[in-house]
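These notes are about the structure you will find just below.
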Amino acid sequence: MLYEQIQEAVQFIQSQTDFKPKHGIILGTGLGNLTDDIEIIAEISYKDIPHFPEATVESHKGKLVFGHLAGKAIVAMAGRFHYYEGYSMKQVTFPVRVLKFLGIEYLFISNAAGSTNGDILTGDIVFVKDHVNLQPENPLRGVNDERLGVRFPDMMHTYDTKLNALALVIAKQQNIRAHEGVYVGLQGPNLETPSEYQFLHRIGGDLVGMSTVPEVLVARHAGLKIFVVSVVSNQCYPLEILTETTLEEVIETVTEAEPKVRYIVKELLQQI
Ligand code: HPA
């Protein structure tokens with residue numbers, strides 16, 4: 001049973017460290033260096049934690065990092081799981097369940113995304129205010145365990161509006177180009193055809209990516225407060241400017257923009 005598996009993972013972690021994180025951070029593609037800023041108390045490899053999937057994507061490390069960031073007790077996931085890698089949605093979101101039972105209140109998620117909004121450019125930062133879920137499976141499907149959350153979680157107030165407003169102010173003070181936007185989650189691993197980017201634009205999407213939505217669904221189910229920040233790795237709209245995208249370019253662009261994300265996340269942590 002999922003509940004028992006979560007408890008086993010939590011008990012193992014608590015047998016390794018008595019550190020109590022207050023907030024969780026999931027580090028996305030090219031954004032793993034945020035761990036450099038953490039005053040580390042403990043690190044635990046995913047492979048040692050019962051029921052944790054193992055990380056596969058090369059650009060990710062697979063460990064939980066416990067420590068202080070901007071004076072706050074946090075746990076960071078260095079390495080995350082994507083549905084396109086072949087994991088089930090239950091596996092992709094298992095760590096979020098574990099972080100919840102470790103006692104976190106806020107979940108910060110970062111990712112790399114394409115922009116389907118002509119005003120949102122490569123290298124820009126976007127605070128997600130809503131999403132459209134176009135992924136084919138749902139981590140909440142199946143018998144609902146009321147100890148984890150309600151059967152039909154409402155999605156009205158999923159993204160923390162106060163943190164987004166604060167993040168916009170912080171970005172403006174630093175002259176960082178930043179926006180709020182709607183993230184459309186697709187399964188990948190292929191990028192989109194020009195017609196698909198056109199479609200995503202028309203349905204109100206500002207960003208497109210292959211992660212985040214499953215974790216957000218589970219975090220919402222678990223009653224966590226959620227902040228999602230995307231770095232635009234490639235501009236996909238209007239179609240006239242569309243060029244081919246490679247993983248190397250995505251990682252390069254995001255790595256370049258990463259200090260901005262680090263700054264904003266640290267400032268936010270300081271202020272909550
Ligand atoms: N599409 C889907 N996912 C992505 C993209 C994209 O263009 N860029 C970064 N992640």
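Whatever order the structure lists ligands and atoms in, that order sets their numbers, starting from 1. Small disclaimer: the values here were computed from a predicted structure and weren't measured.
- No salt bridge links Lys225 with Asp160; every basic N to acidic carboxylate O contact stays at or beyond 4.0 Å.
- Side-chain atoms of Arg80 never come within 3.5 Å of backbone atoms of Leu27 as a donor-acceptor pair (strictly under, hydrogens ignored).
- For the pair Glu215 (side chain) and Thr212 (backbone), a donor-acceptor distance under 3.5 Å is present.
- Pocket lining of ligand 1, defined as residues with a non-hydrogen atom under 4.0 Å away: Ala112, Ala113, Gly114, Leu191, Glu192, Tyr197, Val208, Gly209, Met210, Ser233, Asn234, Cys236.
- In terms of heavy-atom proximity, Pro53 sits nearest to Tyr87 at CB-CE2, 3.6 Å.
- One finds the CD1 atom of Ile25 at 4.0 Å from the CD1 atom of Ile74 (value rounded to the nearest 0.5 Å).
- Checked by atom type, the side-chain pair Gln198/His201 shows no donor-acceptor distance below 3.5 Å.
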